[in-house]
Structure formats: C-alpha cells, structure tokens
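Right, one structure below, let's go through it.
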Amino acid sequence: MNSENKAVRVRFAPSPTGDLHVGNIRTALFDWAYARHTGGAFIFRIEDTDRERVTDEYIKAAQDTLKWLGLDWDEGPEVGGPYGPYLQSQRMRIYDDWASKFLEQGDAYHCYCSSEELEARREAQKAANIAPGYDGKCRSVSESDLARYKSENRLPVLRMRMPEGSTTFKDLIRGDVTFDHNFVPDFVLVRGDGSPLYTLAVAVDDIMMRITHVLRGEDLLSSTPRQIRVYQAMGVAESDYPAFAHLPFVMGQDNAKLSKRNGEVSIAWYRERGFLPEAICNYLALLGWAPGDDRENVTMKELTELFTVERVHSSPARFDMKKLEAINGDKIRELKIDEFLERVTPFLINDGIISGSSGELAIVKMALPIIQERIVNLAEVSQMLKFLFVAKFEVEADSLPKIMDEQSQVVLRASIQALETLSSWDHGSIHSVLRTALIEELALKPRIAFGAVRIAVTGSHISPPLFESMELLGRDRSLARIKKAIS
RNA sequence: GGCCCCGUCGUCUAGUGGCCUAGGACUCUGGCUUCUCAAGCCAGCUACGCGGGUUCGAAUCCCGUCGGGGCUACCA
C-alpha cells in the first residue's frame, strides 16, 4: 500500500477558515520540503466545501502567505496543472458523480434521520455507555417509512456503509495503526442539500490527483479509515492508496492548542511584526523534526536536502516565541546590507519614519550596520532610527530628567566646546575628542559622560552606538540638540 | 465514557542495548567585554513520568500504571 516507484506527489490542502496559522504552515512546510527532497511535485489544493466558513479573501491570503514564505507549488491555484481544478468548490460535478456511483453500488445509502433524532440517539448511547455513533438505522428503510419521510419533505444525506471488520494502515511516522469498524460509524458523504463533505472530497481528490503521500495534522488520524473506505468504494487498488504520515501538533505554551492567549497563531501577524520568512520556516522546521546533527540554523536549501519523514517526531511540540525570536535575530544578522535595506524599508515607510526618498534610503543604509546586531525583528528598526529623521526633535520623557542634573549639564557644555573645534566630523574623531574632554579632563566614567550626550542627541538612553549616530546625524543637528539640552 | 495517538532539561531536541557520570539549542542565572542597548565569549542551573520485568548491562526492548492530547458533526 505504498508507492515506492512512483514519482512523489504531496499535497497541502488547507481549509482556509481564517488566516493560515502556525500549525497549517508547519504542515505546508513539511509537505513542501518532502516534495522538494524527493524531486516530486508539491500540490496546493483548497478545501472549500464548507463555503459558510471559507471565504475568497482567506483563500487569497493563504496563497499570499505561502508565496511569502517561499513555499512554491507546482500545481494549484494560479499555476493550474493537469489534475485541476484545485479548488474543491469547482469540483462539485466530480463529487456528485462518485456519490451517485457509491449509491448505485450499494456502498452508500440515503439516510433520513433528522439532526434531532440523531442527537437524541447519541445521548441514549452515551447514557447506556455504548460507543456513540450512527446506529445504521437507515441502512434499510421500509416502504412506509420512506413514504412518510418524503411526505415530511425530509432531505436525505448520503451515508457510507462501513463493513464489519477493521482497517489497518501504515503511518510513516507512527507505524501500523488499526481501527475497529465498531468505532467507525457510517459517515456522511453528502449533505441534505446535495453538497459534498470533506470526507468525500479529500478521498476523491487525493486519488484523482494521484497523490502519493498525505502528510497532514494528527487531528486527521482517526478519519483515515473513512478515507480508505472511500478508496475502496472507488475501486482503487490498495497499491495505489497514498501513504499516510500524521504530523504531531504544534501547541501553545500551556500544553493547550496554540491560540492568541498563549502565542500568536496567524502567520500574517508575524509578518507584520518583522519576522523573516526564512526564520519562521527555520524555526517551524525544528518543531517536530530535527536534521539529526546539532545544527539549528537551517536554510531552505538544507531543509530540502535533509528532510525525511522518518525523522519527524511522533510527539507534539510546544511553540516557543523566544526561540523564534532568537532565530529571527540570527537571520537578520546574516542579511547583506542591501537585502536588509530592502526588507526594512516598508516598515520605516509604514511607520511614517521616512517617505522613501533616495536621500533617506542612503542614510538608512549607512545606519543599518550599526543596528543590525541590536534587533530581533524588522519592526524595531523604526524605533532605532527615528532620531535620524524626526522633524521636531524631543527628548523622551523618561530620559529627560537624567540630563537635567548639574553634572550632566557640565558634560553637555564641555561636549559642545570640544565638538565645535572638531574639523572632521567622523565617529572616530568625535569619539576621541569627547573622550579627551569628558573622560580625561573631567575624569568621568564613560557610561556617565557618554550617557548624557546620548540622551541629548538621540533622545533616549538606549540608542545605536553614540559616535556613529552623531556622525550620521551630522554636525549641525548634533550640536543643536546638545545646546537645546542645556537649560 | 469509548477508540486512537503521545511521554528525555522550563521549551525545542540528540539518543534505535554498552561511546550517557545523557550531548546541542533557546530561555533563565552569574561573569567577561563594553559609550547605552544588543551582539560575542565563558560558566552554572535543570531531564530519561512512575512501577515491574528481560539482560552481564536499558533513556533505548516487554508489561502495567499514571499523565497529556485528538476523535467521537449534515467542521475540517
């Protein structure tokens, strides 16, 4: 029941009922990595049979997110492919045809039980301590009952008949898994209104799209016997079933499902905060998988080279923002300045720090080297470089008192005097002249003396390196700010 | 409740019977460096859920137990 000799075809098939979240993306990443590792195809399919919850907007967002992360697909929306369409909502005819076939073959049957009736019987089962699930009532319906249902205008659902016995399949991560059919009730394939359910659509599509490997979330593990049942009804040979691999969950800090309470879920949120796609992928790759050696810094290329399903864990992993941040910081430090500039510019413009003129960008580019190792995400750049661009300079409220004391004022006056004599305005000269004037002549500790100048010039007690900052700010503005700070 | 999955430092993990007095990374703590903040470097804390087996020898194999999670929909 495997497909060793066939070209690998892996699909990522989300049901976008919101922005793609961390768990979705970890699955997508593994799907993609496996396809790339094997030289197979990565297929992107949208499971939108539930149009009440899946919107066009979310579908569009899902595509953007995948593209942003660099998870390119070989078949799917936009690019098409030989087994399209790749939106389930456009494949209704196909599902209809199979559903009719299953009904004709006797694999499936119409069920007229109402939700209320089902609910009541489930309660009774629970009360009697019997495994809850459909009891098979409509497997055979008498003529008179049928007439009654029709007179009541009941719309039947289509149910798959689960035969006696059990289903065993090999999960690439967990080994053989067996489900006794006593605990896999007859399940619904088609709603009363005629629309197909996930249970029908996934199985049909995976077969028709020639999917060889299904890597998906662990939550779908127990639905696997139902998929296999559909394959059987479709007349698929066991050797043509896809291989399954159920990925462990990504959980929040408190061992519960990841949610806004214990870590942010939406990838869009991370993007806005200035996380790098390569950092997100690197971090997520390490959640449930490890290359086997001690490396933690993995590029997308290395991931595709090293990724195997066998090395995927079977146990769930907790999402750790701190580690993501650490990796993001590392990735930022690896950026070439031009690349760094390109990535950071949208944040600066969006925050209203710069308008994006070439003059501004030139200054930003000069400033980037001194802040590159000081930030954890791109969004922090605005705060770091604000002092270079503000039209109306003000010292931050919490820093202001720190330069009002007598000693600071002495420092500032001495600084002015020393700096005004300076012929060349570069950070080396600035540093040396201030050191002489403040550290040597006034006999002050560097952190005290330079601290006052820092606040006066940058407006904050935390800033990029002082002398480089002053060089970038320029002589006139630097001196003006120090003078202004002298009360 | 039933079925299924899972169980190594706080977190992510290495580990497939001896190389494990359990290694790496993140976090945390302390130190060095230092113009702030970082970065970097050094050091430290901390783990095989528990109980039985099997074996000369177990984190690794078996059984049990406890704990966590998923499913149990005309959601996916």
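Residue numbers begin at 1 in each chain, while the letters A, B, ... track the order of the sequences. All figures in this text were calculated on a predicted structure; none of them were measured in a lab.
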Partner lookup for [N], please. Criteria are Watson-Crick or G-U wobble with both distances under 3.5 angstrom; report none if nothing qualifies.
| N | result |
| --- | --- |
| rC3(B) | rG70(B) |
| rG40(B) | rC32(B) |
| rA25(B) | rU11(B) |

Are [X] and [Y] ion-paired here, with the side-chain N under 4.0 Å from a carboxylate O?
| X | Y | value |
| --- | --- | --- |
| Glu119(A) | Arg122(A) | yes |
| Asp107(A) | Arg229(A) | yes |
| Arg295(A) | Asp293(A) | yes |
| Asp205(A) | Arg91(A) | yes |

Sequence neighbours excluded, every pair satisfying side chain to side chain donor-acceptor pair (under 3.5 Å) that has a member inside residues 175-194 of chain A: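 Every pair satisfying side chain to side chain donor-acceptor pair (under 3.5 Å) with a residue in residues 175-194 of chain A: Tyr109(A)-Asp186(A), Arg139(A)-Asp186(A), Thr167(A)-His181(A), Thr168(A)-Thr178(A), Asp180(A)-Asn182(A), Arg191(A)-Ser195(A), Asp193(A)-Ser195(A).
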For [X] and [N], what is the distance between atoms [atom1] and [atom2] respectively, to the nearest whole Å?
| X | N | atom1 | atom2 | result |
| --- | --- | --- | --- | --- |
| Asp293(A) | rA25(B) | CG | C1' | 12 Å |
| Leu247(A) | rG69(B) | CG | C1' | 15 Å |
| Asn282(A) | rC26(B) | CG | P | 12 Å |
| Leu286(A) | rG24(B) | CG | P | 16 Å |
| Trp289(A) | rU13(B) | CH2 | C1' | 12 Å |

Interatomic distance at [atom1], [N] relative to [M], whole Å:
| N | M | atom1 | value |
| --- | --- | --- | --- |
| rA76(B) | rC37(B) | C1' | 46 Å |
| rA73(B) | rA14(B) | P | 36 Å |
| rC74(B) | rU11(B) | P | 38 Å |
| rC12(B) | rU46(B) | C1' | 15 Å |
| rC42(B) | rU55(B) | C1' | 43 Å |
| rU27(B) | rG68(B) | C1' | 23 Å |
| rA43(B) | rC61(B) | C1' | 39 Å |
| rA47(B) | rG31(B) | C1' | 26 Å |

Just checking, Arg226(A) and Phe187(A): is the charged tip under 6.0 Å from the six-membered ring centre and within 45° of the axis?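 Pair Arg226(A)/Phe187(A) counts as cation-pi.
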When all nucleic acid strands are considered with a 4.0 Å heavy-atom cut-off, which category describes [X]: base, sugar-phosphate, or nothing?
| X | result |
| --- | --- |
| Gly217(A) | nothing |
| Arg154(A) | nothing |
| Lys126(A) | nothing |

With Tyr231(A) as reference, evaluate Trp98(A), Tyr241(A), Phe169(A) under the ring-ring contact (aromatic ring centres under 6.0 Å, His included) test and give the passing residue. Tyr241(A)
Tyr283(A): partners by ring pair (Phe, Tyr, Trp, His ring centres under 6.0 Å), with sequence neighbours left out: Phe319(A)
side-chain contact (heavy atoms from CB on, under 4.5 Å) between Leu422(A) and Arg475(A), worked out: CA-CA 9 Å; Leu422(A) 207 52; Arg475(A) 175 189 211 114; 4.3 Å; yes
Any donor-acceptor N or O pair under 3.5 Å, side chains Thr224(A), Arg216(A): yes
Using only heavy-atom distances, determine whether the side chains of Asp405(A) and Ser408(A) contain a donor-acceptor pair under 3.5 Å. yes
In residues 21-29 of chain A, which ones come under 4.0 Å of RNA chain B, going by heavy atoms?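 Listed by number, there are none.
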Please encode protein proximity along [range] as a string of B, S and -, counting only heavy-atom distances under 4.0 Å.
| range | value |
| --- | --- |
| nucleotides 31-39 of chain B | ----BBBBS |
| nucleotides 5-11 of chain B | SSS---S |
| nucleotides 71-76 of chain B | SSSBBB |

Aromatic plane relationship, Phe12(A) with Phe44(A) - under 30° parallel, 30 to 60° tilted, over 60° perpendicular: parallel
